[in-house]
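Lettering follows sequence order; numbering is per chain, from 1. Bear in mind that the values here come from a model prediction, so they are computed numbers and not experimental data.
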2 protein chains.
Amino acid sequence: MTQTDTVSRILDAAEVLFAERGFTETSLRTITSTAGVNLAAVNYHFGSKKELIQAVFERFLTPFTETLAADLDRRVAAGEKLEVEELLGSLFRGGVASLAAEGRDPQRFMRLLGMAYTQHQGHLRRYIVSRYGESYRRFAGLLSQALPGIDPVTFYWRLYFMLGATIFTLSSFDAIDAILREDFDAQSSLPETLDRLVPAAAAMLRADTEKS
Amino acid sequence: MTQTDTVSRILDAAEVLFAERGFTETSLRTITSTAGVNLAAVNYHFGSKKELIQAVFERFLTPFTETLAADLDRRVAAGEKLEVEELLGSLFRGGVASLAAEGRDPQRFMRLLGMAYTQHQGHLRRYIVSRYGESYRRFAGLLSQALPGIDPVTFYWRLYFMLGATIFTLSSFDAIDAILREDFDAQSSLPETLDRLVPAAAAMLRADTEKS
DNA sequence: CAACAATTTAAACACTTGTTTTGATCTGGC
DNA sequence: GCCAGATCAAAACAAGTGTTTAAATTGTTG
């Protein structure tokens, strides 16, 4: 068992357990025992529990943002006019699918993202913003260009509305799907749900402000 | 200091601290010391930490759902045709304002609601569903009537998209508002944000599924 | 092979957690 | 005024937390 082995076994276990129970609810002993490594390994390889949490996000977010960036590069280079639906498609299908392709569970990723916002972990939010803020701003910029004439502040809020709908829905996907199965005898796959989310989010972004 | 005094002092402190840091991150010692009561008081009056958490939600949700129900009753009795925007207005302005009127912070309430979904507290979700599920179903029923011809499963998902946008945005209101202030030199009040949310959410609920 | 560094292991450390216990104190009804 | 029942207070409880230590083991390199 080489070093990389131990490190990635810890990351695998932590990723699953954090997504299931949250950060403080998951002890290092639970992580190391399900990973089959010694308790001290976390502090040896990562330094502290905080740094382990950041490492879990790093392993998720780096390929995600790289895939998204490459996808956007390709489309921009091809001179495509990027509509709202296409941008959201890149974000959802491209980025999310890239994780699924690696055998990683995309909704686990979404749960973790939601937790980064909800749980009281200042260091995490700071880490994510400093590390991936640029990718975020690029996407937001392209999206606002696809919404000509929109008031900047309105756009800003709508972007958060969309993020909320996405993160909340996908992070509770299992629970929502369970109710759906019970009440409607129907079920949804994640890609199907994303297909539902794209037009709904697009409509929200484009809503004109006159009504109401 | 009578019993009610101690009980409500504990609830006040717990409400604030839970909203700030989450449930597991808030110890009973922190709660009791900021409340100025003895540590054992929580277990004496509430039984356990779990039951304290539920009591915090009970104090929030009961007046909230009652105000909402009364508002809906009044409108239905008056024979009003309930449009999507009006229903959302009842939910947001009515319910939320009722809490604000009592001097309670509505966004604190939203943060707690978000946590009930995000944090790994099975007992809480079960408690909320069993206690307030009916109010939820009534509102959902009225909302679906305002969206004639919508496919039930589509409606179901869109409802969750809307809940996500609402809960996420309002529970992170402070953080979002801080960025807004920095980047745009603008700021938003909660009522303003709700005014932005209503048309956006309505547009999302009504989006036709043909596009994309 | 020898020597040095990297890694793993078991044990202990210092501290915090929710809960319980055991008296003390207060309160309202006779 | 007194006495039962409710409330409060201090202390202790057992269990769990992240982290550190120091020795044993493994891996690598000259």
Side-chain angles (χ1 to χ4, degrees), chain A residues 1-59 112 115-116 119-124 126-127, chain B residues 1-59 112 115-116 119-124 126-127:
Chain A
M1 191 191 307
T2 70
Q3 176 198 345
T4 13
D5 226 321
T6 302
V7 167
S8 60
R9 292 178 62 145
I10 293 175
L11 286 172
D12 287 343
E15 179 181 300
V16 172
L17 291 167
F18 284 155
E20 273 176 5
R21 327 181 179 187
F23 305 118
T24 42
E25 291 88 345
T26 306
S27 72
L28 292 184
R29 281 168 180 80
T30 314
I31 294 173
T32 50
S33 70
T34 69
V37 304
N38 187 272
L39 167 62
V42 168
N43 290 280
Y44 178 75
H45 287 288
F46 296 94
S48 67
K49 189 181 181 181
K50 281 188 182 182
E51 289 166 286
L52 169 61
I53 295 176
Q54 295 177 0
V56 167
F57 276 81
E58 146 101 53
R59 197 171 63 149
L112 289 170
M115 285 178 179
Q119 316 244 104
H120 188 252
Q121 300 270 358
H123 70 100
L124 224 196
R126 265 175 271 130
Y127 171 79
Chain B
M1 191 192 309
T2 71
Q3 176 200 343
T4 15
D5 227 320
T6 302
V7 167
S8 60
R9 292 178 62 146
I10 292 175
L11 285 173
D12 287 342
E15 181 180 300
V16 172
L17 291 166
F18 284 155
E20 274 177 5
R21 325 180 182 190
F23 306 118
T24 42
E25 291 88 346
T26 307
S27 72
L28 292 183
R29 282 168 179 81
T30 314
I31 294 173
T32 50
S33 72
T34 69
V37 303
N38 186 272
L39 167 62
V42 168
N43 290 281
Y44 179 76
H45 287 288
F46 296 93
S48 67
K49 189 181 181 182
K50 282 188 182 182
E51 289 167 285
L52 169 62
I53 296 176
Q54 295 176 1
V56 167
F57 275 81
E58 145 101 55
R59 196 171 63 150
L112 289 170
M115 284 177 180
Q119 315 243 107
H120 189 252
Q121 300 270 358
H123 70 100
L124 223 197
R126 265 175 271 130
Y127 171 79

Which whole-number value in Å describes the distance from Y44(A) OH to dT8(C) P?
-> 7 Å

Which is true for A41(B) with a 4.0 Å heavy-atom rule: it touches a base, it touches only sugar-phosphate, or it touches nothing?
-> nothing

Among residues two or more places apart or on two chains, list those pairs meeting salt bridge (Lys or Arg N to Asp or Glu O under 4.0 Å) that have a residue in residues 31-55 of chain A.
-> none

What residue pairs, at least two apart or across chains, pass salt bridge (Lys or Arg N to Asp or Glu O under 4.0 Å) with a residue in residues 14-29 of chain B?
-> E15(B)-R59(B), E15(B)-R104(B), E15(B)-R108(B)

Rounded off to whole Å, could you give me the CG-to-P distance for the N38(A) and dT8(C) pair?
-> 9 Å

Taking OP1 and OP2 of dT8(C), is either one under 4.0 Å from a side-chain nitrogen or oxygen of T6(A)?
-> yes

Round to a whole Å and report the spacing from CZ of R9(A) to P of dT8(C).
-> 10 Å

Within a strict 4.5 Å, meaning less than it, do heavy atoms of the N43(A) and L52(A) side chains meet?
-> no

Sorted by chain and residue number, the side-chain hydrogen bond (donor to acceptor under 3.5 Å, both in side chains) partners of S33(B) (sequence neighbours excluded) come out as none

Would one find a side-chain N or O of H45(B) under 4.0 angstrom from OP1 or OP2 of dA6(D)?
-> no

Does any pair with a residue in residues 21-40 of chain B pass ring-ring contact (aromatic ring centres under 6.0 Å, His included), and if so which ones, sequence neighbours excluded?
-> F18(B)-F23(B)

What pairs of nitrogen or oxygen atoms, one from the protein and one from nucleotides 16-18 of chain D, lie under 3.5 Å apart?
from, atom 1, to, atom 2, distance (Å)
dT17(D), OP1, S27(A), OG, 3.3
dG18(D), OP1, K49(A), NZ, 2.8
dG18(D), OP2, L28(A), N, 2.9
dG18(D), N7, R29(A), NH1, 2.9
dG18(D), O6, R29(A), NH2, 2.9

Check the distance between dT27(C)'s P and D5(B)'s CG and give it to me in whole angstrom.
-> 12 Å

Between dA9(D) atom C1' and I10(B) atom CD1, what is the distance in whole Å?
-> 13 Å

Those residues at least two apart in sequence (or on a different chain) that pass side-chain hydrogen bond (donor to acceptor under 3.5 Å, both in side chains) with T30(B) are S27(B)

